[in-house]
Amino acid sequence: MTSAEAQPVTMFPSIDERHQDTRRYPHGVAFMDGQYLPMSEAKISVLDWGFLHSDATYDTVHVWDGRFFRLDKHLERFHRGMAKLRMKIPYTHAEIESILSTCVALSGHQSAYVEMICTRGGSPTFSRDPRQAENRFIAFAVPYGSVANKAQMQRGLHVAISDTVRIPPASVDPGIKNYHWLDLVKGLFDAYDSGAETALIVDTNGNIAEGPGFNVFAVKGQKLKTPAHGVLAGITRQSVFDLCGELGIDVIAGDIDREELKGSDEVFITSTAGGIMPVTKIDDRLVGDGSVGPITKRITDLYWKKHSDPMWSTPIQYK
Ligand code: PLP
């Protein structure tokens with residue numbers, strides 16, 4: 001489908017499968033500049049400040065068995081981020097919901113990874129003044145993806161703690177979901193160099209912060225703890241707080257140092273990309289007895305049960 005053939009927001013265009021380059025692009029549908037497009041055609045200008053300066057915010061919600069999971073919470077965080085960055089788009093909450101839903105419906109995916117993005121855009125006069133930029137909204141739905149693969153979900157991940165410091169909250173507000181990932185990517189390379197599968201990086205005090213795309217929880221006895229400072233307030237992290245409320249498990253946000261994390265009975269990470277994922281090895285030390293623990297399993301089971309609960313999920317109309 002060419003841009004000239006593209007339809008306005010309210011229509012359901014047919015996305016031409018022949019234009020999907022599945023070698024380079026996942027199968028999916030994007031929305032940008034008022035049009036629905038195959039993923040292979042969703043491209044932005046290299047002059048967009050989202051690309052040039054990482055001047056953007058985004059959010060990611062997942063779809064499981066044809067239902068969005070906690071979409072309202074993702075939309076709220078996205079709108080909060082845009083407001084803090086003084087970005088404006090011409091779509092209401094309800095219109096964004098409809099666009100995301102249409103991307104999923106057009107893609108046909110029953111389980112999807114759905115991203116909404118607002119970039120600063122650019123100024124028509126190439127002004128350096130961000131107030132003159134025309135902000136750009138982009139959304140897309142691609143197949144569901146997870147931080148941990150099937151084998152890692154079963155046996156638990158091997159995580160390395162990197163000395164890399166997460167960008168301080170005084171520099172970039174972690175409450176705004178952002179693409180400032182150079183610290184996280186450095187942490188990942190450090191982890192791979194040490195033979196681990198993913199990374200955790202530290203905050204400015206040397207305590208555990210978060211990893212590339214996830215928060216972390218430590219379990220000691222019947223109590224859970226997750227880092228409080230310098231981390232994204234993940235929606236999955238919030239879900240763990242909510243689920244612990246139902247299960248009668250104590251959970252707090254507070255500082256966790258390296259030794260405390262390594263001495264935990266159980267550790268798990270949380271992300272929209274994968275949900276609740278066990279960690280059974282940190283650096284060269286097994287967590288507990290090195291197997292996935294009972295509290296991690298209980299919370300994981302309830303988390304997936306909630307995916308069909310109308311209080312936690314919204315159905316997609318595939319038409
Ligand atoms: N921390 C960072 C840096 C992230 O990028 C993400 C998600 O992408 C998370 C934590 C987990 O957040 P959520 O549970 O909302 O997916």
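These numbers come from a predicted model, not from an experiment. Computed from heavy atoms alone, side chains included, the values below leave out hydrogens, waters and symmetry copies. Order of appearance sets the numbers: ligands from 1, and atoms from 1 within every ligand.
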Return a table of N or O atom pairs, ligand 1 on one side and protein on the other, at distances under 3.5 Å, rounded to 0.1 Å.
residue, atom, partner, partner atom, Å
ligand 1, 1 (N), E210, OE1, 2.7
ligand 1, 8 (O), K177, NZ, 2.5
ligand 1, 14 (O), I235, N, 3.3
ligand 1, 14 (O), T236, N, 2.9
ligand 1, 14 (O), T236, OG1, 2.6
ligand 1, 15 (O), R77, NH1, 3.0
ligand 1, 15 (O), R77, NH2, 2.9
ligand 1, 15 (O), I235, N, 2.8
ligand 1, 16 (O), T272, N, 2.8
ligand 1, 16 (O), T272, OG1, 2.7

- May I ask you to decide whether R258 forms a salt bridge with D163, counting only side-chain N to carboxylate O separations under 4.0 Å? yes

- Quick one: do D203 and R166 make a salt bridge, cutoff under 4.0 Å? no

- Query: Any ion pair linking R70 and E76 (charged N to carboxylate O, less than 4.0 Å)?
  - Reply: no

- Query: Taking ILVMFWY side chains as joined if any heavy atoms are under 4.5 angstrom apart, and letting links pass through other members, which residues group with L261?
  - Reply: V147, M153, L157, V159, I161, V165, L200, V202, I208, F214, V216, I256, V267, I269, M277, V279, I282, V287

- Set of side-chain contact (heavy atoms from CB on, under 4.5 Å) partners for Q238, sequence neighbours left out: F241, D242

- Under the side-chain contact (heavy atoms from CB on, under 4.5 Å) test, which residues partner I249, sequence neighbours left out? L224, C244, L247, I295, R298, I299

